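A short write-up of the structure that comes next.
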2 protein chains.
Amino acid sequence: MRTDVNIQSKYYSFNVSDREKGVYVMINCNEFNAKTKVLLIDDNYEHLMGIKELISLENDIDVVAAATNANIALNLIKKYQPEIVITDMNMPEKDGLTAIQEIKKVNTDIKIIALTAYDDSDLIFRAMKLGAKSYILKTMASSQLIRAIHEVVQGKIYLPQGLVTGFFEYFQQSFKESTKVDIPSYLDELTYREEEVLDMLTQGHNYKDVANLLYISETTVKTHVNNIFQKLQVNDRTQAVLYALNHGFVSKRKQKSLVS
Amino acid sequence: MRTDVNIQSKYYSFNVSDREKGVYVMINCNEFNAKTKVLLIDDNYEHLMGIKELISLENDIDVVAAATNANIALNLIKKYQPEIVITDMNMPEKDGLTAIQEIKKVNTDIKIIALTAYDDSDLIFRAMKLGAKSYILKTMASSQLIRAIHEVVQGKIYLPQGLVTGFFEYFQQSFKESTKVDIPSYLDELTYREEEVLDMLTQGHNYKDVANLLYISETTVKTHVNNIFQKLQVNDRTQAVLYALNHGFVSKRKQKSLVS
DNA sequence: AGAAATATCAACCCTAAGATTTAGATATTT
DNA sequence: AAATATCTAAATCTTAGGGTTGATATTTCT
């Protein structure tokens with residue numbers, strides 16, 4: 001069994017002066033085999049080569065291309081159709097999050113594994129939100145990255161145990177704000193009919209439309225709307241609609257199969 | 001080392017006829033020790049006792065109370081202040097999700113571990129969303145539940161590897177709809193000034209307000225607004241605001257530290 | 001039975017909002 | 001130098017939106 005080394009271990013640092021300056025592109029044309037095709041992105045040349053060496057030790061993985069720049073990588077992805085893209089998140093030109101989005105745009109099926117040097121729960125949360133299949137820290141043992149690749153190839157999503165808590169704290173926090181609808185809302189002072197009218201307003205209907213849709217006269221609509229204004233303490237249609245949206249308004253007609 | 005048995009193993013089934021019918025409440029008054037205080041909720045009496053026996057084998061865990069009904073449990077929670085509540089999700093009277101919400105309302109600090117018989121990604125997603133610290137299947141090895149308790153006590157969040165993929169697929173799916181803002185939005189046809197005006201409208205300001213806030217005349221505001229209507233293909237202020245909100249409008253002034 | 005809340009509508013008024021046209025001042029691009 | 005885009009603004013016009021009062025019918029609560 002191979003030694004389990006640190007992903008960004010100095011062992012993998014190369015002689016920088018040997019390579020040409022500027023954007024680096026590496027291509028491995030070994031396209032016709034059953035190996036898992038992987039493409040790497042990392043603005044740091046040493047890390048890029050380190051990861052490449054690391055992964056290449058595996059028999060079933062083939063690094064078909066690598067780039068120090070996400071824009072270059074996008075073209076390579078179109079050309080080489082890798083199954084997996086491993087991308088650094090902290091990059092100067094195009095950051096990892098936008099890279100993920102644009103890779104997804106090229107081909108939804110490409111599985112993305114995100115890599116960073118340090119544990120940033122916010123970044124992890126956002127990367128996973130955008131559809132990353134795994135998130136690994138460079139400080140983790142190399143076996144983690146290999147495992148991530150293997151799990152992801154099988155269609156699974158892999159988040160190391162050490163990152164789970166951070167992710168979920170962020171995840172749950174992001175819902176806590178929207179859940180605290182306990183702030184006194186004037187919305188429940190509205191009658192059923194008023195809610196129906198407000199619902200129509202949030203659809204962008206004008207008074208004539210609402211009157212026709214509810215089979216009542218326009219003046220009645222105005223009466224309801226005025227009552228709504230009073231209860232919500234607003235001055236016009238737009239403010240009423242904004243109030244409704246900001247206070248999680250859901251018309252009673254639509255309150256079905258919704259727990260939260 | 002103890003044998004690792006299935007959580008809902010028949011080994012733990014008791015003689016049902018022995019117990020009184022109806023709601024079951026069990027209390028262990030061993031309050032003054034350093035053990036982790038756990039409260040159990042499960043509408044199935046056999047499961048409840050099984051889990052209790054299972055957990056009681058651990059030296060550092062103390063089941064202070066148990067109930068076959070979430071409502072009863074809520075009162076017991078107030079009385080015994082457990083650090084951890086382990087609750088079944090599929091219960092007739094009060095389902096697990098609302099139970100979680102109400103427990104949180106009693107005391108935000110109580111750590112909740114959710115339990116179900118089968119793997120329902122939707123349910124897992126919603127439970128975690130509501131702040132559960134762990135989610136375990138009854139079909140899993142008992143060591144999983146013990147591990148969950150230990151991790152959770154330490155302030156961590158624990159989701160077994162086998163449930164991670166299901167959770168994330170649901171998680172990512174729930175964002176896919178809101179992320180596909182790639183549907184051609186007319187919003188980027190707006191000029192900077194028009195965006196500023198639209199931004200004011202989404203704050204609920206009327207024309208006079210906008211004029212004052214931007215130090216321009218009201219007629220100029222009207223000109224801008226009319227141009228906005230043309231570009232967004234809407235008829236009035238409310239529709240424009242709704243369009244902006246539904247298409248993820250963020251005024252360029254505010255586009256900082258936000259990738260989404 | 002009487003009170004209170006709800007839903008309906010009319011008639012009135014008034015102004016903010018929306019439509020249209022024209023035009024001057026800058027700035028950028030070709 | 002000419003064309004284009006943007007921001008500004010005035011003049012004019014029309015209507016939808018918003019405020020008020022008062023009235024009738026229905027339901028619900030007490």
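Quick note on labels: first sequence line is chain A, next is B, and so on, each numbered from 1. Just so it is clear, the model here is predicted, and its values are computed rather than measured.
Under 4.0 angstrom from either OP1 or OP2 of dT8(C) there lies at least one side-chain N or O belonging to H224(A). Contact between the side-chain N/O atoms of R237(A) and the OP1/OP2 oxygens of dG17(D) is found at a separation under 4.0 Å. OP1 or OP2 of dT8(D) has not a single side-chain nitrogen or oxygen of T220(B) nearer than 4.0 Å. Phosphate contact (OP1/OP2 of dC7(D), side-chain N/O of Y192(B), threshold under 4.0 Å): absent.
Formation of a donor-acceptor pair under 3.5 Å by the Y243(A) side chain with backbone atoms of Y186(A) is found in this model. At distances below 3.5 Å, not a single donor-acceptor pair connects side-chain atoms of Q233(A) with backbone N or O atoms of Q230(A). Although no hydrogens or angles enter the test, the distance criterion places no donor-acceptor pair under 3.5 Å between the side chain of D199(A) and the main chain of E195(A). A side-chain donor-acceptor contact under 3.5 Å links Q239(B) to the backbone of G204(A).
The nearest whole Å value for the distance from the CG atom in L190(B) to the P atom in dC7(D) is 10 Å. Atom C1' of nucleotide dT8(D) and atom CD1 of I228(B) are separated by 15 Å, given to the nearest angstrom. Following rounding to the nearest Å, E218(A) (CD) and dA7(C) (C1') show an atom-to-atom distance of 17 Å. Note: OH (Y215(A)) to C1' (dC9(C)) measures 19 Å, nearest angstrom. What separates CD of E194(B) from P of dT8(D) is a distance of 10 Å, to the nearest Å. Rounding to whole angstrom units, CD1 of residue I216(A) and P of dA7(C) are separated by 10 Å. Following rounding to the nearest Å, D209(B) (CG) and dT15(C) (C1') show an atom-to-atom distance of 15 Å.
Place N227(A) and D236(B) on DNA chain C by their nearest nucleotides, and N227(A) ends up nearer the 5' end.
For the side-chain contact (heavy atoms from CB on, under 4.5 Å) criterion with I216(A), the lone passing option out of L213(A), N212(A), L214(A) is L214(A).
Closest to the K208(A) side chain, of the nucleotides dA16(D), dA7(C), dC9(C), is dA16(D). If you check dC7(D), dT6(C), dG17(D) against the side chain of T191(B), the one that comes closest is dC7(D).
Screening residues 232-241 of chain B for salt bridge (charged side-chain N to carboxylate O under 4.0 Å, His left out), with sequence neighbours left out, gives D236(A)-R237(B), R237(A)-D236(B).
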* Take nucleotides 19-30 of chain D nucleotide by nucleotide from the 5' end and write B, S or -, depending on whether a protein heavy atom sits under 4.0 Å from the base, only from the sugar-phosphate, or from neither. => BB----------

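With salt bridges taken as basic N to acidic carboxylate O contacts below 4.0 Å, none links K105(A) and E102(A).
Among the atoms of the strands shown, only primed sugar atoms or phosphate atoms (P, OP1, OP2) are found under 4.0 Å from some heavy atom of S217(A).
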